[in-house]
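What follows is a short report on a single structure.
The chains referred to below are lettered A, B, ... by the order of the sequence lines, with proteins before strands, and numbering in each begins at 1.
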Amino acid sequence: MKRNKIKTILSSEAARPSVLLKGWVRTRRDAKTFSFIEINDGSCLNNIQVIADDQLENYEQIKKLSTGSAVSVTGTMHDSPGKGQQWEIHAIKIEIIHIAQDDYPLQKKRHTDEFLRTISHLRPRTNKYGAAFRLRSRLCFAIHQFFQDRGFTYVHTPILTGSDCEGAGELFQVTTLDMDNPPRTDGKTDYQHDFFGKTANLTVSGQLEGEMFALALGDIYTFGPTFRAENSHTSRHASEFWMVEPEMAFCDLAEDMDYAEEFIKFLVDFVMTHCASDLALFAKFVDKNLMKTLETIVSKNFIRLPYSEAISILNQSGKNFSYDVFFGADLQTEHERFLSEEHFKQPVIIYDYPKTIKPFYMRINDDDQTVAAMDVIVPRIGEIIGGSQREERLDLLETRMDETGVSRQDHWWYLDSRRYGSVPHSGFGLGLERMVMLVTGITNIRDVIPFPRTPGSIEF
RNA sequence: UCCCCAGUAGCUCAGUCGGCAGAGCAGGUGGCUGUUAACCACCGUGUCCGUGGUUCGAGUCCGCGCUGGGGAGCCA
């Protein structure tokens, strides 16, 4: 007999004559002639209650089942007379697979997130983290569905890269050289002897390679791990995270913003529809306003605000910001929070930023002062999407590269795309973890990554 | 990298003015009960983060360090 998942059993319309469950004991309570055992198998948030009668041949062993122990239960399904559940299982046979040691760190009460981070290998066994990682999985599925339904091609851009000047944060270097005794030329490490014959790094973005495929396959997306060696200790940054980067040919900035808004709404609506019970946990224990926030995102059109107007609103707000606001200044966290959380109280897309604060590949607008860039700002999270229309005009792109100190020689292949059938195209990047944070209300990125990597921390 | 806060039992935390180290939960034993973070009684638990100093005396005050957290910068 194949095992039944608890999710399937609990959602049954009618009682089944025979079930086989395998899972872990969450809690056990003894009655006079039987024992209540609550079992969880990870298929859903809820436990199933098993009634173990003292007539079972191994009842003395069953009474020793501690929290965390693994069991296999064969039994019959019945309406539960107790409160809190529709169904329960009357055990015919309980096979003890393993009894957890009594120093099992997870208790039948609330733990702090900080403590659970020190036991990342066990925390997915808790309600909250189980829900978070199930939800993360569903969100990844939804990301693929959104793009596949719209005819996008999934492209695997490289994780090892020879490019070292994309300007998106600090890079992790990858080498096979003997770090205690590297080959040297003129006193400096000679990377001609390294594995690839030059320096190599972990990717900080698949965008440039993604553009090459958009200019061949039309609409593409990348979705994979991304690495930043920035020494930042905040609740929103990790050294290893996942990023989704769609890239669309024949697409301008307005259409790019349309896609970004439609995408976020699709993902939020998807989890509201398909992850209702897990979401309910977050709405109850993590963020009381969660459902209201999500409904706002799905129902309201995102505000679209040129950067110059954002500057005006900030200057007229009467707020005393720590950082000055003027045309040419990068928007700080306090400014973004004011706009999305206080002024508009909903997602805002800010676009047409000054070229001086944006990278070389963004398309210059006719005013020659701004570029066709856009950031999607959401309450509580801040920037969740950053994107732009790309500069498709070879001469303007080369000028921008020279201005910003990006090597034309190293990017010869990138420039080739502007020589052979160059077309307007656009794309954006969405941080998966920030999306998980948005839909769960979890405030620390370390709690939405199974085994998070941050500066000074790579246990597990 | 900068600013702020914290570190006491397995976990969550209290510890007053510098004067014998505490509670709840978890664990153990017994009892009770179609129970729901079950309940009741009893029992055990310490490098008070480390280090140096002030003091008759430091968990408590001071210096340095480590670890964790919050915020900023940078960004997704």
For [N], does OP1 or OP2 lie under 4.0 Å from any side-chain N or O of [X]?
X: R446(A); N: G70(B); result: yes
X: T333(A); N: G73(B); result: yes
X: R29(A); N: A38(B); result: yes
X: Q85(A); N: U35(B); result: no

Any idea which of [options] is nearest the [X] side chain?
X: S232(A); options: C74(B), G34(B), G70(B); value: C74(B)
X: Q49(A); options: U1(B), U36(B), U33(B); value: U36(B)
X: H237(A); options: U36(B), G73(B), G34(B); value: G73(B)

Gap in Å between the two C1' atoms, one belonging to U60(B) and one to U1(B), rounded: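 The answer is 33 Å between these two C1' atoms.
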Between P of U35(B) and CG of D53(A), the distance in whole Å: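 In whole Å, U35(B) P and D53(A) CG are 16 Å from each other.
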Pick base, sugar-phosphate or nothing for [X], based on heavy-atom distances below 4.0 Å to the nucleic acid.
X: Y323(A); value: sugar-phosphate
X: T27(A); value: sugar-phosphate
X: R117(A); value: sugar-phosphate
X: S35(A); value: nothing
X: I445(A); value: base
X: D330(A); value: sugar-phosphate

Is [Y] paired with [X] through a side-chain N to carboxylate O contact shorter than 4.0 Å?
X: K93(A); Y: E57(A); answer: no
X: E262(A); Y: R150(A); answer: yes
X: R390(A); Y: E247(A); answer: yes
X: R446(A); Y: D113(A); answer: no
X: E334(A); Y: R337(A); answer: no

What does [N] pair with, Watson-Crick or G-U, if both distances are under 3.5 Å?
N: U36(B); answer: none
N: A23(B); answer: U12(B)
N: G68(B); answer: C5(B)

Produce the list of close N/O pairs, under 3.5 Å, pairing protein atoms with atoms of nucleotides 11-15 of chain B; give distances to one decimal.
{"from": "C11(B)", "atom 1": "O2'", "to": "H111(A)", "atom 2": "ND1", "distance (Å)": "3.2"}
{"from": "C11(B)", "atom 1": "O2", "to": "K109(A)", "atom 2": "NZ", "distance (Å)": "2.8"}
{"from": "U12(B)", "atom 1": "OP1", "to": "T112(A)", "atom 2": "OG1", "distance (Å)": "3.0"}

Side-chain atoms of residues 370-385 of chain A: list all donor-acceptor pairs with protein atoms under 3.5 Å, sequence neighbours left out, distances to 0.1 Å.
{"from": "T370(A)", "atom 1": "OG1", "to": "N365(A)", "atom 2": "ND2", "distance (Å)": "2.8"}
{"from": "T370(A)", "atom 1": "OG1", "to": "D367(A)", "atom 2": "OD1", "distance (Å)": "3.1"}
{"from": "T370(A)", "atom 1": "OG1", "to": "D367(A)", "atom 2": "OD2", "distance (Å)": "2.8"}
{"from": "D375(A)", "atom 1": "OD2", "to": "Y353(A)", "atom 2": "OH", "distance (Å)": "3.3"}
{"from": "R380(A)", "atom 1": "NH1", "to": "D287(A)", "atom 2": "OD2", "distance (Å)": "2.9"}
{"from": "R380(A)", "atom 1": "NH2", "to": "M437(A)", "atom 2": "O", "distance (Å)": "3.0"}
{"from": "R380(A)", "atom 1": "NH2", "to": "L438(A)", "atom 2": "O", "distance (Å)": "3.2"}

Considering residues at least two apart in sequence or located in another chain, which fulfil the side-chain hydrogen bond (donor to acceptor under 3.5 Å, both in side chains) criterion with S317(A)? none
Give a yes or no on whether a donor-acceptor pair under 3.5 Å exists between the nucleobase atoms of G34(B), that is its base, and the side chain of E88(A).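 Counting by modelled atom types and ignoring angles, a donor-acceptor contact under 3.5 Å is found here.
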Comparing I357(A) and S235(A) on RNA chain B - which has the more 5′ nearest nucleotide: S235(A)
Between S457(A) and G82(A), the residue closer to the 5' end of RNA chain B by nearest nucleotide is G82(A)
Is the closest side-chain donor-acceptor distance between E211(A) and Y414(A) under 3.5 Å? yes
